[in-house]
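Reviewing the structure listed below.
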Amino acid sequence: MKAGARVLIGGFVQGVGFRYFVYRHASRLGLVGFTRNLPHGEVEIEVEGERTLIEALLKQARRGPMMARVDSLRIDWRDWQDRYTHFEIRH
């Protein structure tokens with residue numbers, strides 16, 4: 001079943017390759033959307049695809065790359081809207 005999600009990840013998640021980590025995993029899973037740093041220190045993920053694949057991405061995001069520390073992960077599940085054609089890092 002296709003779904004979408006907006007995810008906010010807090011902790012030590014900027015300056016440690018977190019966006020690239022998410023990009024690699026999302027691309028391998030065939031998910032579409034984007035990830036970006038937010039001004040207040042969180043990383044945002046907007047993602048669409050099969051719900052089970054999004055859940056697999058979120059499992060990886062809870063871990064993060066080696067130098068990261070994830071303190072919080074908030075998920076807002078949404079309906080699939082077919083808004084994206086690929087996954088990208090936004091600056």
Side-chain angles (χ1 to χ4, degrees):
M1 182 167 124
K2 290 195 174 190
R6 179 175 186 250
V7 184
L8 296 176
I9 302 168
F12 186 63
V13 293
Q14 291 191 8
V16 293
F18 204 97
R19 290 174 300 155
Y20 299 98
F21 177 86
V22 170
Y23 170 80
R24 281 193 316 274
H25 286 284
S27 296
R28 281 189 206 138
L29 292 167
L31 298 170
V32 296
F34 67 88
T35 184
R36 67 180 172 182
N37 287 340
L38 295 177
H40 54 279
E42 291 181 309
V43 168
E44 176 185 30
I45 303 170
E46 282 266 355
V47 61
E48 291 187 341
E50 290 296 325
R51 184 173 174 126
T52 56
L53 297 176
I54 294 172
E55 289 169 349
L57 175 65
L58 298 179
K59 183 178 180 181
Q60 293 298 317
R62 280 184 177 88
R63 247 191 12 191
M66 187 174 13
M67 299 300 292
R69 186 191 75 245
V70 175
D71 294 334
S72 65
L73 190 141
R74 296 187 312 275
I75 307 163
D76 177 21
W77 287 102
R78 301 173 175 189
D79 292 332
W80 178 70
Q81 296 178 2
D82 196 20
R83 293 188 292 169
Y84 309 105
T85 58
H86 62 282
F87 199 90
E88 67 184 10
I89 297 170
R90 292 191 179 170
H91 301 278

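One distance of note links CZ of R28 with OH of Y23; it measures 11.0 Å at 0.5 Å rounding. For the atom pair CD of Q14 and CG of L38, the computed distance is 7.0 Å after rounding to the nearest 0.5 Å. Note that the CZ atom of F21 and the CE atom of M66 stand 11.0 Å from one another [nearest 0.5 Å].
Each of L8, I9, N37 was compared with E44 under the side chain to side chain contact (heavy atoms under 4.5 Å, CB included) criterion, and only L8 meets it.
When the side chains of ILVMFWY residues are joined at heavy-atom separations under 4.5 Å, either directly or via intervening members, F34 and L58 end up in two distinct hydrophobic clusters. Under a hydrophobic clustering in which Ile, Leu, Val, Met, Phe, Trp and Tyr are joined whenever their side-chain heavy atoms come within less than 4.5 Å, directly or via other members, Y20 and V32 fall into different clusters.
Residues T35 and F87 meet the side-chain proximity criterion, which asks for heavy atoms closer than 4.5 Å.
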Apply side-chain contact (heavy atoms from CB on, under 4.5 Å) to the pair R51 and W80, showing each step before the final yes or no. CA-CA 9 Å; R51 184 173 174 126; W80 178 70; over 6 Å; no
Working for side-chain contact (heavy atoms from CB on, under 4.5 Å), residues I54 and W77: CA-CA 10 Å; I54 294 172; W77 287 102; 3.5 Å; yes
With side-chain contact (heavy atoms from CB on, under 4.5 Å) as the criterion, how do R78 and E46 come out once you've worked through the C-alpha distance, each side chain's angles and the decisive distance to 0.1 Å? CA-CA 10 Å; R78 301 173 175 189; E46 282 266 355; 3.4 Å; yes
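A pairwise comparison of heavy atoms in F18 and V13 identifies CB-O, 3.1 Å as the closest pair. Shortest non-hydrogen contact noted between I75 and R62 is CD1-NH2, 3.9 Å. Scanning all heavy atoms of the two residues, the minimum distance from L57 to A26 falls at CD1-N, 3.8 Å. When all heavy atoms of L31 and G49 are compared, the pair lying nearest together is CD2-CA, 3.8 Å.
Remark: K59 does not engage E55 in a salt bridge, criterion side-chain N to carboxylate O under 4.0 Å. Under 4.0 Å is where a charged nitrogen must lie from a carboxylate oxygen, and between E48 and K2 no such pair does. Salt bridge R69/D71: present, at least one basic N to carboxylate O contact under 4.0 Å.
Around OH of Y84, the count of heavy atoms belonging to other residues, nucleotides or ligands within 6.0 Å exceeds 12.
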